Amino acid sequence: MVPRVLVIGEKPSQIKTIANTLFTHSSTEKFADRLYLRIGQWDNKELIMIPLIGHITTIDTAKEFGWNKCQPLAIVQNSNALILHTNQTFQRIISRKAKVVDELWLATDPDSEGDNIAYEAYMIAISANPSLKQATKRIWNSSLTKQEILRAFRNLIPWELYLALAVQGRRMVDAWVGFAGTRQVTGTARKVIKQRGVVLSVGRVQLPTLKLIVDRDRERDEFQRKLKFNILADLLSDNRKEVLVTVKHDKSPFKEEKQVKQILNEIGKAKTGTITKFKTWKTKIPPPRPWNTTDALALLTKELKIKANAAMELLTILYENGYISYPRTENRHFKDNFPHDEILTKLEGYSNYRPLLKLITNTSQVRSNGKKQGAEDHDPVHPTGEIPTEDKIITKMHLKAWDYVSRHYIGMFLPDLIQTRGSVKVTIKEEPFSQKYQQTIDEGWTQVITWKKPKETKKFVFTEDQIAQVDKIRSESFKTKPPAQWNDSTLIRQLEKLRIGTKSSRPEIINKLEARKYIVRCGKTFYESTTRGHTIIQVFEKVWPDLVTPGFTRMVEAMMDEVATKQASYDTMLETLRGHYIGLHEKLLSQLPRLQALLQQDMLIRSEQKIARGKRTTVPTQVLCPLCQQGKAIERLNVKTNKKFFGCSRYPECKWTAPSKKTRDGKIIPAQTAKDVVGPCPECNGTLFLKRIKDYRFVGCSKYPTCQTSFFLPKRGRLTLLRKEECPMCQRQMVSHVSRNEKTGESEKKVFCVICQNSGKG
DNA sequence: GCAAGGTC
């Protein structure tokens, strides 16, 4: 009789691939809903393959250590507190089959988590059939290609427990910290927060993530906007008719206005400068590297303005329906023999891509391959070549996500982006100025990866030692900006960089923090910490600084390494970290009064917000509505974003709203005033108001970007809204524009309507 | 009810 082997896999899709590779004839046997054994002959053996669905066990507290049944710290102090729950479906099938086989092959993913999953299956198998202990092997395949599967199944490696035990240790420590910490903090919170079922959670990964957000808010709160200055000079053509380029002083930005004035005094009237250097060159920029999960999520969250979790769901649906590859991968490297040409040929079925695919000369490999990352691992995220169409499952959003994945993939085969660039250095009365330009010669891959099209700037030509004509030397001022708030895209990139969480868990971490009310989304994309989130970090920074920085994860990782390399035993790991945690939890106990006091403040703020929500108003102001000039501006609360804004007291007759802004002395006022407001937007319910971005001035809609109505105004000259004059054509405010005539030097005044450009006189 | 990590 041929020997029988039990093969354990980590997931159904993987077992299917392996079975299809090894077996010429095979049979299946259903053992649970949508789960099948695969049985077949290979290498004179009968292989029985069982697909798992990730871990078989979960860690829980024993009954007598449930909520409110013991002190939270008892979970850590008592070695019987944590127990393993085993999934009965897998327990049953593994036990049953283990009894009838001669060998056990563990074919879970080739990484430490995979070893731990294999260990769970192994413990069940040897308890059903102890003789398997001597007949267990591990399969370590670096990918799921036919060749690699065959290689791995012919080169079985010895089964060792160390890596699995290291992960088991990590799982136990995570449970201690999470369970004991969460219960202690939640217990304290419930003395103050009388909401039903409120839970404040604590964990090894969520606290460092929360700290990132809290720290950024702290930086922004402390940030002092400072005025800085650039000195600019316009270089003219020889006939002085046209500005060729605006050059910037090399020492810009200046901090001191005094210094700027001094320089302007010295050189302000200069009419010429000497070109000291002028060069041009060509730059080739190769296509971007392949996407791993983080890259794909970062792009989709940014472009589609959705959460990381939502982006992950889009990718999962596309994967499950066969349109893209497995979306959870750390890898940015396509292997050499990857069948790119098959996929590219299939993509020709989509007419939008056909002209782009014709630009490809070599379909055998991508032009900028990334690094191989992750021990398993799946290929980078790519389309399968199947073309999706809109139906019940595939929505417009799925199609958009698929288009990004496909375009990024196709772009990786296209020629380089070629730019011509130039730079000039010019000395005006010994003061150094310079400027650069870049223009596209060949769009290359940006024809497909359109979201990465570079900015074009105006080209200029000079010769060295040429005397350049200078028009006006002037200064511009700007205010420094605080560091930006985190969004899904920047946050998951930072988490990957700091090695916090995993490719699969990162989007969920952000969701969890939001569900716990530690952070809120403000606007559409940005995250901000709540008072509650702030409080948690404040207390834990005192109690256990290492837990709120990636330090604790590093410590756990170091211990795991010691166990995996046999320098420490599993028991040593547990006892070391148990002792460590007990000490810190005791410190937490001493901080509970402080935590309670801080949460009280959180409650005060929350109850204020509740009142605000109930009445839908807060303090009425004396500010006249800038749009209708009849109602008063009233501060209101956007319930969705928790952000305050101003609206007109005559709502719904007057639909004026404006975001709130903080003045220097800390007052909250509407971001628009009567000075800026032009009138109702002709396209939507918004308000048109004067906007200034850099040196551009225009009239824009308050509902931007939803409504993109805008009218540009002259770049120079003084603009004043004329409150008392109304346009006879469209009944909006007129504008007076005072500018200097370039030729005569006299000032000219024009009065016109910004919307219909009517002069008002005719 | 709670963590973090697999997978669906």
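Throughout, a chain's letter reflects where its sequence line sits, starting with A, and its residues are numbered from 1. Since this is a predicted model, take the numbers as computed values, not measurements.
Counting any heavy atom pair closer than 4.0 Å across all strands shown, A:V202 reaches sugar-phosphate atoms only and no base atom. Nucleic acid contact for A:R196: none, since no nucleic acid atom lies under 4.0 Å from a heavy atom of the residue. Heavy atoms of A:N68 sit under 4.0 angstrom from at least one base atom.
Remark: aromatic rings of A:H398 and A:Y323 are distant, center separation not under 6.0 Å.
Of the two residues near DNA chain B, A:T57 and A:T61, the one whose nearest nucleotide lies more 5' is A:T61. Nearest-nucleotide positions on DNA chain B for A:G54 and A:V199 put A:V199 closer to the 5' end.
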Please test A:S325 against A:D379 for side chain to side chain donor-acceptor pair (under 3.5 Å), starting from the C-alpha separation and ending with a verdict. CA-CA 8 Å; A:S325 62; A:D379 297 301; over 6 Å; no
When you look at A:T531 and A:H534, which way does the side chain to side chain donor-acceptor pair (under 3.5 Å) test go after all the steps? CA-CA 5 Å; A:T531 317; A:H534 204 95; over 6 Å; no
Evaluate the side chain to side chain donor-acceptor pair (under 3.5 Å) criterion for residues A:T182 and A:R516: first the C-alpha distance (whole Å), next the side-chain angles of each, then the deciding distance (0.1 Å), finally the verdict. CA-CA 12 Å; A:T182 299; A:R516 299 272 176 258; over 6 Å; no
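Whole-Å rounding puts the A:R190 CZ to B:dC2 P distance at 10 Å. Per the geometry, CG belonging to A:N116 stands 13 Å off P belonging to B:dT7, to the nearest Å. If you take CG of A:L84 and P of B:dA3, they are 18 Å apart, rounded to a whole angstrom. The CH2 atom of A:W67 sits 5 Å away from the C1' atom of B:dG1 (whole-angstrom rounding). Distance, A:E113 CD to B:dG6 P: 5 Å, rounded to whole Å. Taking atom NZ of A:K16 as the reference point, atom P of B:dT7 lies 17 Å away to the nearest angstrom. One can place CD of A:Q195 at 15 Å from C1' of B:dG1, the figure rounded to the nearest angstrom. For the pair A:I59 CD1 and B:dA4 P, the interatomic distance rounds to 12 Å; values are reported in whole Å.
An OP1 or OP2 oxygen of B:dG5 is reached within less than 4.0 angstrom by a side-chain nitrogen or oxygen of A:S505. Contact check, A:K512 against B:dA3: a side-chain N or O comes under 4.0 Å of OP1 or OP2. Contact check, A:R328 against B:dG6: no side-chain N or O comes under 4.0 Å of OP1 or OP2. One finds no side-chain N or O of A:Y319 lying less than 4.0 angstrom from the OP1 or OP2 phosphate oxygen of B:dC8. Proximity of A:R170 to the phosphate of B:dG6: no side-chain N or O atom is located under 4.0 Å from OP1 or OP2. Close to B:dG6, at under 4.0 Å from its OP1 or OP2, lies no side-chain N or O of A:T108. The side chain of A:T186 contributes no N or O atom lying less than 4.0 Å from OP1 or OP2 of B:dC2.
A cation-pi contact links A:K11 to A:Y326, judged by a cut-off of 6.0 Å to the six-membered ring centre and 45° from its axis.
Checked by atom type, the side-chain pair A:E386/A:T384 shows no donor-acceptor distance below 3.5 Å.
Residues from residues 175-185 of chain A that place a heavy atom under 4.0 Å from any atom of DNA chain B, listed by number: A:A175, A:G178, A:F179, A:T182, A:R183.
Of the candidate nucleotides B:dG6, B:dA4, B:dC2, B:dC2 has the atom nearest to the side chain of A:S201. Here the nucleotide nearest the side chain of A:R516, chosen from B:dA4, B:dA3, B:dC8, is B:dA3.
Salt-bridge annotation for A:E496 and A:R332: present, with a side-chain N of the basic residue lying under 4.0 Å from a carboxylate O of the acidic one. A:K307 and A:E514 are joined by a salt bridge, as a carboxylate oxygen and a charged side-chain nitrogen come within less than 4.0 angstrom of each other.
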